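Below is one structure, written out as structure tokens, with a few remarks after it.
In this text the structure is predicted, and so the values were computed from the model without any measurement. Each ligand, and each atom within it, is numbered from 1 in the order the structure gives.
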Amino acid sequence: MHTYFILKFAYMTKHIYIRSPDDFHHHLRDGEALNHLVPIVSSTFRRVIVMPNLNPPVTSVTQALEYRQRILNATPVGRDFCPLMTLYFTNKTSIEDIIAAKASGIIYGVKLYPAGATTNSDSGVTSMASIEPVLSAMEDAKLPLLIHGEVTDSDVDIFDREIVFIERVLKPLVLQHPHLKIVLEHITTKNAVDFIQTCTNADGTPNLNVAATITAHHLLYNRNHLLCSGLHPHMYCLPVLKRESHRLALLAAATSGDPHFFLGTDSAPHSIAQKECSVGCAGIFTGHAAIELYAEAFDSIGRIDALSDFVGVFGQQFYNLPPNEGIVELVREDWAVPDSYYIGKNCHVRPLRAGDVIRWKRLP
Ligand code: NCD
Ligand code: ZN
């Protein structure tokens, strides 16, 4: 027994080398918080798809250029960090906005939030039918549509909102716009996995233009972690954590080698005060340890070998970006996560695993 254990340990991977990663879904926020968040995030990721749900949202190329400059100003000197900007889809987004976004060379997608679906989504789209011409313009321009895939109808149970969105909105959308590049963001259900894997056009041919990001927290946790043994506000995000069978389906998809699944952390910091109160904000901060958390998730089913492509190849292929040249070394070694990170204005954010350990560590 003892010998078996030692042998098994000897064969367990302890070090791995992965391609330098990019994050295809990240909330960097704005103002003073940028000065604290950008140094943390840029120490892990070279490129980041920056979400536009500021208040007010980023709806024009001019606003995106200004926001991008504020991010670059917050980047530590000498660090190679490239924010990939997005626009926020509103009812007023026009075909001209899409043409300008494509021509700008700095906009990588347009984010569609159904109005009211999540944090700062009040300006989101209220009718899919009314944005049809703009979607056609995006299809022509090959500008990706990034979707928060949840319906907001009050009569749809919160645990079913992604599933209903896929049936009611996404399936018709994909048939209507077979060449539109779509990312279904932060998927949380087996239904979403199945949809991506079997997506077909009207003539039955496979549709390869639809992909999905998966967060580390949806790979590591299920809804019991949010709701059992007390309410855990720092486990609350949208789409909300689902049951264990969905988590396992996500883990299988992320490690499957299917290039239509790739890394998007959805790291979404809120101050502790905004999380620990009677109506808490949705969002989990994972930017402090994103790669290490993904490594833990992949390793939990013995598939650490699949990590490099998920973080450094598949998303890059989807967005037509060259893979990064650098290599990152990870080691299986416990490290203690700080209780909080300061994000300015007397505010702290509680990171995932605060005060606890993470089992993989990134070497500098
Ligand atoms: C995000 C935020 O806080 O901006 N929150 C979240 O729970 N994921 C918004 C989002 O991506 O839905
Ligand atoms: Zn998000």
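- Within the 4.5 Å cutoff, the side chain of L34 has heavy atoms near those of the I71 side chain.
- Proximity of N201 to L175: side-chain heavy atoms (C-beta onward) are nowhere separated by under 4.5 Å.
- Separation of atoms CD1 (I99) and CE (M138) is listed at 12.5 Å; rounding is to 0.5 Å.
- A donor-acceptor pair is defined here as one N or O able to donate and one able to accept, closer than 3.5 Å; such a pair exists between the side chain of H232 and the backbone of C228.
- The cationic group of K181 lies under 6.0 Å from the six-membered ring centre of F318 and within 45° of the ring axis, placing it in a cation-pi geometry.
- Counting heavy atoms from C-beta on, the side chains of D22 and F262 never come closer than 4.5 Å.
- The hydrophobic cluster around Y17 extends to I327, counting ILVMFWY residues whose side-chain heavy atoms fall within less than 4.5 Å of a member.
- Below the 2.8 Å limit, the Zn ion (ligand 2) has as protein N, O or S neighbours H25 NE2, H27 NE2, D266 OD1.
- Taking a heavy-atom cut-off of under 4.0 Å, ligand 1 is surrounded by H25, H27, R29, N53, T118, T119, H148, H186, C237, L238, D266, A268, H270, A282, G283.
- Each of K242, R223, H218 was evaluated against T188; a single residue qualifies, K242, per the side-chain hydrogen bond (donor to acceptor under 3.5 Å, both in side chains) test.
- For the salt bridge (charged side-chain N to carboxylate O under 4.0 Å, His left out) test, no residue two or more places apart in sequence or in another chain qualifies with R29.
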